[in-house]
Amino acid sequence: MATLTIDGTEIEVEDGITVLQACEEAGIEIPRFCYHERLSIAGNCRMCLVEMERSPKPIASCAMPVGNGMVIRTNTPVVQKARQGVMEFLLINHPLDCPICDQGGECDLQDQAMAYGFDRSRFAENKRAVPDKDFGPLVETHMTRCIHCTRCIRFVTEVAGVEELGATGRGEHMEVGTYVEKALTSELSGNIVDLCPVGALTSKPYAFNARPWELAKTESIDVMDAVGSNIRVDSRDGEVQRVIPLLNEDINEEWLSDKARFACDGLRRQRLDTPYVRKCRKLAPASWTEALAAAAGRMKKAAPDRVAAIVGDLADCEAMAMLKDLFAALGSPHVDARQEGAKLSSGARAGYLFNTTIAGIEAADACLIVGADPRREAPLVNARLRKRHAMGGFPVGLIGEAVDLTYRYDRLGNDAALLGDVAAGGHAFCAVLDAAEKPMIVLGEGAFARADGARILGTARTIAERFGMTGDGWNGFNVLHRAAARAGALDLGLVPGEGGRDVEAILSGAESGEIETVYLLGADEIDTSRLGKAFVVYQGHHGDAGAMRADVILPGAAYTEKEATYVNLEGRPQRTARAVHPPGEAREDWRILRALSEALGKPLPCDTVEQVRARMAEIAPVFAGIGSVEAAAWEAFGEDGGPDAGPFGTVVDNYYMTDPISRSSETMAACTRAFLSPAEAKTGTDG
């Protein structure tokens, strides 16, 4: 510990921190532009100047480590004059376009100019002009405003791991750009909009849509992947205008993936806002009474073993709990939430969670990735893996397709049989796992969604037990989900009951005529052509694949339009908040299922959302602890026997279009055109 005096007050701080951080701990705010606590120190802007005893001139507090006996002064006339001088230099070339700048109202330069700005300029020469750059469809540039803080450069290099931004030229001729004219290819590129302290980098889709003081701000949860990032939804006049990240050190820190940030314009397009019933081979608008009666009529006609339900990737836990109880009342065991065909069971919770937790990655010292591409399946999990890799002492092995993870790894091959070799201790990478104190394994959908997925899970469990990945407060066994609904569905037990059919068997039954009625709760990632002549009821919020095949459509609410529970891949239950109301006659999903149960003559006992949540906690006690992670007991899961030989495939062909919301987004369509080849763009969504 170091003891120093700041503005006459003696404080004790940790060794190795900077004077700026020490001042913050003492409750003194130091102005800055280039400094950011999650990025390396640059010392570019000099706005953080303070006086240090025995120093001939003010020092940059962001770059000066604390020392024992230091005497720091932050509010002297010398400091004030130095900061005013820095501000005057920064404003010499800055354009006076605050009234038309998208950063207005949220601009660090604007705020600091109020405190340290001068009331006139002494600069008579022409201001410099810098050509705008093309960073792609997400980030708008106005480089004349750039103050060369280099936050964006450091972020894409250090956090995103895509070295595509840099500076060319010196002094007044310095420009920040991509060296060669190209778009930023990182799935985290939108974060540089938040980092930019001026209006040089702004959101292209949000440009000129609204001012910050016009927006209603709602804290919520993202559902574009299974990470459960904390977000703020900004809305105006009943429409979502933008989504930005909220700070949560345990999940997303202060970052957000591009799909979570920019796909929100899909919430305004292709929406289902009224019930529909198919008449004369065409879907026609109907009343709720008519639509519910049509759905209930066909469901009652069919025998219980001829009715099935498939749950989609964006379904909330309240709706899934109601669906589970409704089909139990009907006597049908054919309910499955694993659209991708995952061989995960709902019994042993440790067998389907990311047990290490996202923040826990930083404590690991070795990693084996199997059949996964975390960069595209969960960009923020990959960012955490990269962060741990950058600390050093973190060897990573990959069994799967060769992909760019933004950090160095050893590719062990792409044959599932290699997993058996590791389990038997006969692979060279076993020495790495043996030497590690806290090793971890990450299984992706490409591994557990195969026909031999249950055996792969069993083999991975053997690896975890063999190399000490479990016990003593550490669990290194991790399943990497892509769908926001998946962990919650497994907690609630939305898997086939005794004698029940999984998704593949439901589709086969619909083709053969053995399944007469199929209920799709937001299920769009299935091959709807295989539904045959089955009567299809679709409940969801977008006119996607499921709605196109439906005979009855029941319009639901999207995640920004309801208070709903989701469980992230760690097993952490979190709740969204209603930012806007659902369009037209759309309703919350659990209410639709409650009304359908009434029409079926089997009314469910839950009339309020509180009763539904009590029922959820009854099914799985984990729902009683919102926001917390409960460690799962280590139990047996998977099946014995080695995996079949053969390569692991890619599960995400197009990161930007993986669900009904992102497929309806013009911004995500622009990203698809910009970043994918025509052949890849044509294939569209998931692999």
Side-chain angles (χ1 to χ4, degrees), residues 225-229 248-253 255 344 348-375 377-400 405 407 409 419 422-423 429 432-445 447-448 456-457 459-482 486-488 490-491 567-574 622 625 627-635 637-638:
D225 56 27
V227 174
S229 302
N248 189 316
E249 295 288 357
D250 292 332
I251 304 174
N252 58 303
E253 297 181 297
W255 314 128
L344 301 169
R349 200 162 184 255
Y352 61 81
L353 292 183
F354 201 93
N355 295 284
T356 299
T357 72
I358 298 171
I361 291 171
E362 296 183 29
D365 54 4
C367 180
L368 175 63
I369 300 173
V370 182
D373 179 1
R375 180 176 173 185
E377 295 174 37
L380 290 167
V381 171
N382 194 62
R384 205 62 93 114
L385 286 166
R386 174 179 166 77
K387 180 180 180 181
R388 175 63 188 90
H389 188 273
M391 296 176 187
F394 188 63
V396 178
L398 171 68
I399 302 177
L405 295 179
Y407 46 87
Y409 62 85
L419 201 61
V422 176
F429 197 73
V432 174
L433 298 176
D434 266 327
E437 293 184 8
K438 291 185 175 180
M440 60 184 285
I441 184 171
V442 178
L443 260 68
E445 188 178 304
F448 57 74
I456 288 177
L457 278 169
T459 305
R461 175 173 57 82
T462 301
I463 292 172
E465 292 169 349
R466 179 187 180 103
F467 295 103
M469 295 184 187
T470 61
D472 298 328
W474 175 256
N475 191 336
F477 182 87
N478 301 295
V479 170
L480 187 68
H481 292 292
R482 292 192 303 116
R486 195 67 72 249
L490 293 170
D491 280 341
V567 180
N568 80 342
L569 49 74
E570 306 168 291
R572 186 192 306 268
Q574 301 182 102
V622 66
S628 62
V629 175
E630 183 180 322
W634 187 253
E635 304 173 54
F637 56 85

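Atoms CG and CH2, from N248 and W255 in turn, are 14.0 Å apart once rounded to the nearest 0.5 Å. A distance of 11.0 Å separates CG in L385 from CG in L380, rounded to the nearest 0.5 Å. A distance of 9.5 Å separates CG in D472 from NZ in K438, rounded to the nearest 0.5 Å. We find the CG-CZ distance between D365 and F394 to be 8.0 Å, quoted to the nearest 0.5 Å. The distance from the CZ atom of R349 to the CG atom of D491 is 4.0 Å, given to the nearest 0.5 Å. For the atom pair CD1 (I361) and CZ (R388), the distance works out to 10.5 Å, reported to the nearest 0.5 Å.
In this structure, P374 and Y407 approach most closely via the heavy-atom pair CG-OH, 4.3 Å. When all heavy atoms of M440 and A364 are compared, the closest pair comes out as SD-CB, 3.5 Å. E635 and A348 get closest at one heavy-atom pair: CB-CB, 3.9 Å. When every heavy atom of A632 is checked against every heavy atom of L353, the shortest pair comes out as CB-CD1, 4.4 Å. When all heavy atoms are compared, the tightest approach of F637 to R461 is O-NE, 2.8 Å. Taking every heavy atom of both residues into account, L344 and G351 meet most closely at CD2-O, 3.8 Å.
Cation-pi contact between R486 and Y352: absent, since separation from the ring centre below 6.0 Å together with deviation from the ring axis within 45° is not met.
In this structure, the side chains of L569 and V479 stay at 4.5 Å or more apart for every pair of heavy atoms. Put simply, the side chain of V370 reaches to within 4.5 Å of the side chain of L419, judged on heavy atoms. Annotation: side chain of P439 is not in contact with side chain of L368 (no heavy-atom distance under 4.5 Å). Taking 4.5 Å as the limit, every side-chain heavy atom of V381 sits out of range of all side-chain heavy atoms of D225.
Between E253 and K387, at least one side-chain nitrogen of the basic residue sits less than 4.0 Å from a carboxylate oxygen of the acidic one, meeting the salt-bridge criterion.
Evaluated for a side chain to side chain contact (heavy atoms under 4.5 Å, CB included) with F477, the options I463, N355, T356 yield exactly one hit, N355. Here the options are L405, I399, I441, N382, the test is side chain to side chain contact (heavy atoms under 4.5 Å, CB included), and the partner is I369; only L405 passes. A side chain to side chain contact (heavy atoms under 4.5 Å, CB included) with F354 is found for exactly one of V442, N475, V227, L443, namely V442.
Of the possible polar contacts, none joining the E377 side chain to the G444 backbone as a donor-acceptor pair under 3.5 Å is found. In this structure, N568 contributes its side chain and R572 its backbone to a donor-acceptor pair below 3.5 Å.
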**Item:** side chain to side chain contact (heavy atoms under 4.5 Å, CB included) evaluation trace for E465 with W634
**Value:** CA-CA 10 Å; E465 292 169 349; W634 187 253; 2.9 Å; yes

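Atom CD of E437 sits in a sparse spot, with 12 or fewer heavy atoms from other residues, nucleotides or ligands closer than 6.0 Å.
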